Every structure is written in structure tokens, then in C-alpha cells.
Amino acid sequence: MPDTMRAAAFLDKGGVGKTTAVAHLGVALANDGYDVLLVDLAGKQGDLAKSFGLWETIRNQDDDWPNVSTVFDENWDEIARKFDDALDDLIWETGEGPDLIPAHEGLDTLDSELNNIEDTEERYSRLDQFLDNHIDEKYDVVLIDLPGLTNNVTYNGIWATQNIVAPIRPGPFEADQIESLEDDIELFEDTFGMEISIAMLLPNEVDERTTIGRKYLEHFESHYPETVGEHVPKSEAKQGVQGAQEAGQTVFAFPEEELVATGERARDAYTANARQLAERLGGQNE
Amino acid sequence: MSDDLTKEELRAQTERGSRLDTEKQKQDEDTLSNAILAELDNIDSGEKAKTLSVRDGNLAVILYALEERDEMAEIGTQLQKELGRPLDSDAVTRSAVLAMAARIGLQEAAPEVVEAAKEAQKERVSQRF
């Protein structure tokens, strides 16, 4: 178990709020004094960088090497030795506390390249090696945004963290999603002989004013009392979570007086969830 | 592992684009193969001739001498063997000997050209499948 606390946002489904969760949990942890690194493996669109208004700058830089896909290369250690600034060049300051290794279009081909590695342990442990050898000494927490599907990059994220944060939108199919996640985890554990925890189920975009919203919250709380986090309310206003993300920031960046009620509750939920997450992850390291 | 790689080599080995960039790169790298593919179309359509001529006096005298001594068939089957083809002395003509000799020469001196030709033929077959 690494000294740095690590968790990966994962659910085998897109659009559930993994990126938003990683961004907000990251800022909340940074606000509590942790040195936080966010890593975007969730595809080449750069959504995590967009969450902090960084993507255009990153995309327009003259030189985009090395990047997040480079760290998976078997030659990464040598690159880090020969190129003095290799690690620094990967990492961007978000301006809200955490640092970020953003996505890169190289993630597109990385999955098929990883497929060419015959030894499965070697194939799935590349990210773990990078974090062990280059990141652990610099950060207290690493949060990884994973693709909404199971591929070699996803398995690298799960292998490296062994802790999953699963945002879940209440809905008719989402309960099945949790079961499916548990099945995925069991298969992974059986195949690789390691223990994977669901560190947090994060009910996301819950409209607690509605019967159905309350019903799903009760379901999560009764079935997963030890892993469910505080729900994040639906917050579509300009001064809420969605508005914040569209503006290239998290809801934490709004001045208190500008936040709408749902934005404030979302901020408080992420703060509470971050503390709960740190307790669960930190407890594993004792 | 690659302690002998220069910085430039390390970088070249690890630079990655998107899946589309990689496909485009692959197409660019196979330019000769694509060009051969285009020429196959030209041959099939009759736009270009299958017949090539070679003006080489020193080569000509060798072939005349082989014909004169009735040794063309023997040389031809040696070339067939070198190319891994079925041995058939009846198929040995002056033209066939020149074609086989040219292929063997290309294989020796520029094997990548032969590979490109094979790729083009494969692509042709898959296009027609």
C-alpha cells in the first residue's frame, strides 16, 4: 500500500459526474491542507482541465511532450532521468489548490499499445510504477479520473489505487450499475489477487425535493451504509456546480455571497465527502 | 530497456497522437505501398503497359549466350528455386528470366520495396473481397 492516499473515480458508464467529483473532492482536500494531484485518464477531451479553465492553454502549448500517456511507457524512468523537467512538464497548477496531469490525445492509442504487452501484471501496473517512483514523495493524495468503460487504462487506474469513488446519479438503472461495479471489482480481485475497495458511493445530482430523489437516497443509505457519501444536490444554476464547471472552475471558487443554495449545499457535501474519503483512505495506510 | 537511446530517440519512441493521427501516419509511412496499389489499378485498366524494356548491352549478351548454349532453362529454374516458386522449365522465357532476376535483385538490395509491394497486393485482395 503506497504512503500517498490514492483513489480513482470509476463507474462503467459515462456522464455520471466522475470528472466533477474528482475536481471538487480534489479542491476540498486541498482546502483541508493536503497536497493533491489530479490525473485525467478519462479520454482525450480534457474534461478535468476544462473544469479548471485550463484546457485551451494546454491544447495550444507549443510542445505537448511529455504528457500523461508518456508515463505509461516502459522508458519513462529513463525519460525522467535524461530530461530534467520531464515530471514538471507534465504537471499544471489548477489555481484552486490541486495540481493536475491533464489528458492528452495519446490516450487514444495508449489502450491498444498496452494490449501488446503480454504479461498482464506488467500491462496493468504501469501507472502504479509511475506513481510509486515519481509521485508519492511529492503528494499526499492522488485522485484519478478514469474512462467510463473498462479498458487497459482503466485497469491501470484501478491497480494503482485499489480504491474506487463511484458517483451515481439516482435513476432506474443506477442500482444495477452498482451491482455491475461490484461484479467488475470481484473479477479484478480474483484475477489479480488484490483487494479493491469501494471507498465511496457518491449520490450525485439528487433532487431531494422529489419523491423519487428521496427514494433513491434511502435505497443507497440502507444498502450501502458504510460506503455511501453525502449526496450532492442537483445544482444547475449559474452559481451552482454546473455553472461553475461551465465557467471553468469548481463551486469552491465562487465567493460565498454569490453561491445559490444548491451550490452551497453541493460545496458542503463535497467538503464532507472529502473528509470522509481522507479518513477511509488514510485509515488503510495506518 | 533502452539505456543506449539518445534523448531524441526516447522522445521519438514515446510521442503519441490520436488514433486518427496514427492512422494517417501509417498511411504516410506506406506511401510506396499506396503508390504501388495505384499502379496496380493503372495496369488493370490498361492505362499503363505491363511490358518493361531494359537497354543493357552487357545483360543482353549474357542472355543471348545462355540461349545459344541452351542453358536458359537451367538458369531459369535456379531463379525459380531462389524465389521459392514451383520449378517449371517450360515457363522459362527470356522475359521470365529477366523478371525473376530483377525481383531477386530488389529483394537483396531493397527488401523494403518488396515488402511494400506485398502490402499493396494484400490490400488489393482485401479491397476486392
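Computed from a predicted structure; not experimentally measured. All chains are named by letter (A, B, ...) in the order of the sequence lines, taking the proteins before the strands, and each is independently numbered beginning at 1.
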For residues 114-121 of chain A against chain B, heavy atoms under 4.5 Å, the residues are none

Nearest-0.5 Å distance that lies between atom OG1 in B/Thr14 and atom CG in A/Asn75:
7.0 Å

Can you measure from CZ (A/Phe83) to CG (B/Leu10) and round to the nearest 0.5 angstrom?
6.0 Å

Using distance only, find each side-chain donor-acceptor pair of residues 75-87 of chain B under 3.5 Å and give its atom names and separation, not counting sequence neighbours.
unit_1  : atom_1 : unit_2  : atom_2 : d
B/Thr77 : OG1    : B/Ala73 : O      : 3.2
B/Thr77 : OG1    : B/Glu74 : O      : 2.9
B/Gln80 : OE1    : B/Asp88 : N      : 2.9
B/Gln80 : NE2    : B/Asp88 : O      : 3.1

When rounded to the nearest 0.5 Å, the distance separating NZ of B/Lys7 from CD of A/Glu78 is 11.5 Å

Calculate, to the nearest 0.5 Å, the distance between atoms OG1 and CD belonging to A/Thr70 and B/Gln13 respectively.
12.5 Å

Give a yes or no on whether A/Glu189 atom CD has more than 12 heavy-atom contacts from other residues, nucleotides or ligands under 6.0 Å away.
yes

Donor-acceptor pairs are to be reported for all side-chain atoms of residues 96-118 of chain B against protein atoms at under 3.5 Å, with residues two or more places apart or in another chain.
none

Among residues at least two apart in sequence or on other chains, which ones pass side-chain contact (heavy atoms from CB on, under 4.5 Å) with A/Asp99?
A/Leu37, A/Ile91, A/Glu93, A/Tyr139

B/Arg16 and side-chain contact (heavy atoms from CB on, under 4.5 Å): which single residue from A/Asp108, A/Thr109, A/Asn67 fits?
A/Thr109

